[in-house]
Amino acid sequence: MELSKNFEPQEIEKKWYSHWMNNGYFKSVPDAREAYTIVMPPPNVTGVLHMGHCLNNTIQDILIRRARMQGKNACWVPGTDHASIATEAKVVGMLRERGITKSSLSREEFLAYAWEWKEKYGGIILEQLKKMGCSLDWDRTSFTMDPDYYKSVIEIFVKLYKDGIIYRGLRMVNWDPASKTALSDEEVIFKDVDSKLYYVTYPFADGSEGGITVATTRPETILGDVAICVNPLDERYKALVGKEVIVPVIERRIPIIADEYVTSDFGTGALKVTPAHDKNDNELGKKHNLKALNTLDAEGKFTSEELEDDLINDTIIGYTGIDRFVLRKKIVEDIDAIGQLQKTEDYKGQVGTSERTSAVIESRLSLQWFMNMKKFISLNPEIASAVAEDKIKFHPNKAKNTYAHWMDNIKDWCISRQLWWGQQIPAWYDEAGNFYVAESLEALHNSQPETRKLQLTQDEDCLDTWFSSWLWPMEVFKGISKPNNAEVNYYYPTTTLVTGQDIIFFWVARMVMAGYAFKQELPFKDVYFTGMVRDKQGRKMSKQLGNSPDLLGLIDQYGADAVRFGIMIASPAGNDILFDESALEQGRNFNNKMWNALKLVKMWEGRIVISDKLEVASNATEAINIELITYNFALEWFEAKLNEVKSEVNEMLNQFRLSEALKVIYSLIWDDFCSWYLEWVKPGFEQPIDKAVYEKTVSFFTSLMELLHPFMPFVTEEIYHLLDERNDDLCIKTGNDISVVDEQILREGALLKSIISGLRDVRNKNQIKPKEKITVHIDTAEVDIYKSIESILAKQINSEQISFVKEAVAGTITTVIGKDKFYIETEQPLNIAGQKEDLEKELLHLNGFLATVEKKLGNEKFVANAKPEVLALEQKKKADAEEKIKIIEESLKGL
RNA sequence: GGGAGCAUAGCUCAGCUGGUUUAGAGCAUCUGCCUUACAAGCAGAGGGUCCGCGGUUCGAACCCGUGUGCUCCCACCA
């Protein structure tokens, strides 16, 4: 079969993915084997695959494929999250394009559109994961609004309500005016903004001269002011406390009060108090018994509904319906016009924005559902201790602190959202305003028959998305809807969770809570936190910057394996990765390298000769024996190298050091296998190859593919099948065991490599043409070792003859490698000065080195305190250095 | 404002228990090669004040202190 010049991934990827699927390799059912379970962090149904998903899912696939090849029952569960805010926003946007407003639709009509949208677009991201080679058990695909899942969420809500953990209350919440819903604290992102500090004077109500000046960043809330507050110790204002001032524009009389909360050295030391629009002001308001006057509606526009009628004047009526930011400018102008604006200063502040819509958050007084987190955690103390005590291990470990800190400072969780897309809150209101919580209306009627007579309407709101996703690891196995079923008992707790650090609070912490609270068990044993994928310059990837590459385009261009390689090779555990397309090129080149190695091996296929064993025959000629010894050396060396790397890789993967493991495999394949081993055993042009060498080579190559497969599944599966006739697939191959490493042969291999490199360097420096053959005379104490590597050495440095000598050979290039002297015969003119310079440079280095060692050994305290093995090592270093120095000095004399 | 982390070659990073040949890898760079698997390649080379300063130690990239510069998390001083 003719193999293409380069590896061509497209067809091969399609072929193998469907082959794996057709054979059901990714399916998992409980059996006697140990389970290895990963639940995929469910992407939003609105999502398209981006670099973050690519990193995250590549890591999961590596772990799951490795587990599968270790003979474990590997189960990786895919799915999507209904993502209430994000999806509802998309659907509203889609409807707007069709000229439909959400408000013109009933809840049922809107949800019909939403489901339609979900069916159409919701699966795209999962299809894209197939292109990456992700070995997910697709039969288990779940959705956080599947009927059973939905019911489970409701059930948990009712349970927590009955336990007194969920409550309803009027609180200051984070209000997103764009999506007109409350948000949890975690959904608010603070951003630095350049704003202004406006100094506004409130004149005294008694008509006396002057007034009190406050500094505010939010003049648009002035109409809701109910007091001015100063620090009780502030000498400037002490006398004014208790006086009344008049709010500009609205002309309301408000008192000056005192509270330690106010810092005297900020602004003017006087604070305007607006309990309806600021969390702190609200607290202050409660403490001092002040009214909260709301002046902004759900969309952040001015409303005068709560203002006293007799204060409403034409100016205020003119403000009606004006957006808060426009209103800010307008009010400032109006205050300036009446001479009460003292000055304006630039000010750097922070504003909270919505994680989903980026709208600036309003603090707003609102009736919402909350979860009492302190109480919840106190009932399930393992939530905090499991992570602290490493029952759940975080990688990197530092995430533990973040988790602990959040737990210690946890606040109540606002779980209601003013949205329709999501699990509707199972609470019903009667006409008197009482509410009843139950799984369903029917359940309510059954448990409280008297409610049958009431006119009940269900709460319009739905639950925070994370109130459903926290059940993910158990409910994908129906752990809530069908408690203790065989599947959940087998797969839960799951093994490893791979996710971004950014959702440690949103999701990871809450899954731990749910695990202990609802199943009395941890949800996973290890959590691998990935960093963020940034661009080459370290910037976050974002649509605005346009620096987010098109992942599918990259897969088309480089192949999925190359993309997986590229994202993994520069991906230190838990740190951000700087994505650079050149890493993908490296991956593509790596594919080609392996492909070309395959081509070489396949070329040998037709010219295999049999020599039964690679053993030195007593009756064979010396030349043949040397050849055999050489083959033996190469085979044994690579065998040892392979085993060494296998065990390193194993250790690294156990520690989640995936990037390092990949680097080690890359180097094993490219350097040790291709550059060294294959060159060593490669027969001359159109020469035969020994059967045993051929078979060993195929077996090595196979092992390499096995080792690499979790990282680069397609190319390895393809090569696996092209190497030999197979009736199995690499994807599910198990038993790539590690044998004992022969350390001695590894040392000899290292020596051989250093001599080859050293002599090639001599050739380069002396401008010996690649085609020119040289003759090498070696002065060494270890002729035996050289005998076993002689023919490899000769071939690798293009030498026609190697001989062993005991003294300098005249008219040759002299060099020293290790403790051996080499004399090279060449047709090129000798560059004595150059050789001298090199030797002297080496001598200088060795002398410097020797000096440091001698200094150590000359230090009595070192000799007295250092461990014996350290001392012995230093002595060996000294002896070695001295020996080498002697050899170089001798060589220098000979020049 | 509080906390965590980072700083090693041009770039991205290893360096795990302080001692393992006066610091390692990949990429990039330079030199020479179209050598019959591979120029998306081969061979070789150069490149470092381990952020500054101070300390502990027989010995420090590693431990401690301090300064500087970055990054992240938490916290609504209007």
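By convention in this document, chain letters (A, B, ...) are assigned in the order of the sequence lines, proteins followed by strands, and residues within each chain are numbered from 1. Scope of the values below: all heavy atoms of this structure, side chains included, with no hydrogens, waters or symmetry mates.
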Which whole number of Å gives the distance between the C1' atom of B/C64 and that of B/U21?
-> 29 Å
Expressed in whole Å, how much space separates the P atoms belonging to B/U66 and B/G5?
-> 14 Å
Separation of A/Met603 atom CE from B/U36 atom P, in whole Å?
-> 10 Å
In whole Å, what separates the P atom of B/C42 from that of B/G26?
-> 12 Å
Test A/Tyr558 against every option in A/Arg564, A/Glu581, A/Arg588 by the side-chain hydrogen bond (donor to acceptor under 3.5 Å, both in side chains) rule and name the one that passes.
-> A/Glu581
Write down the distance between NZ (A/Lys663) and P (B/U12), rounded to a whole number of angstrom.
-> 12 Å
Apply side chain to side chain donor-acceptor pair (under 3.5 Å) to the pair A/Glu772 and A/Gln828, showing each step before the final yes or no.
-> CA-CA 10 Å; A/Glu772 185 194 327; A/Gln828 298 303 313; 3.1 Å; yes
Do side-chain atoms of A/Ser675 reach the backbone of A/Trp670 as a donor and acceptor pair under 3.5 angstrom?
-> yes
Could you state the CG-C1' distance from A/Leu678 to B/C38, rounded to the nearest angstrom?
-> 11 Å
In whole Å, what is the span from the CD1 atom of A/Ile755 to the P atom of B/A43?
-> 17 Å
Donor-acceptor pair under 3.5 Å, A/Arg588 side chain vs B/A40 base | yes
Could you list the residues that satisfy ring pair (Phe, Tyr, Trp, His ring centres under 6.0 Å) with A/Trp413, not counting sequence neighbours?
-> A/Phe467, A/Trp470
Centroid separation A/Phe700 to A/Phe673 less than 6.0 Å = no
Within residues 182-199 of chain A, find the residues that approach RNA chain B with a heavy atom at under 4.0 Å, and present them sorted by residue number.
-> none
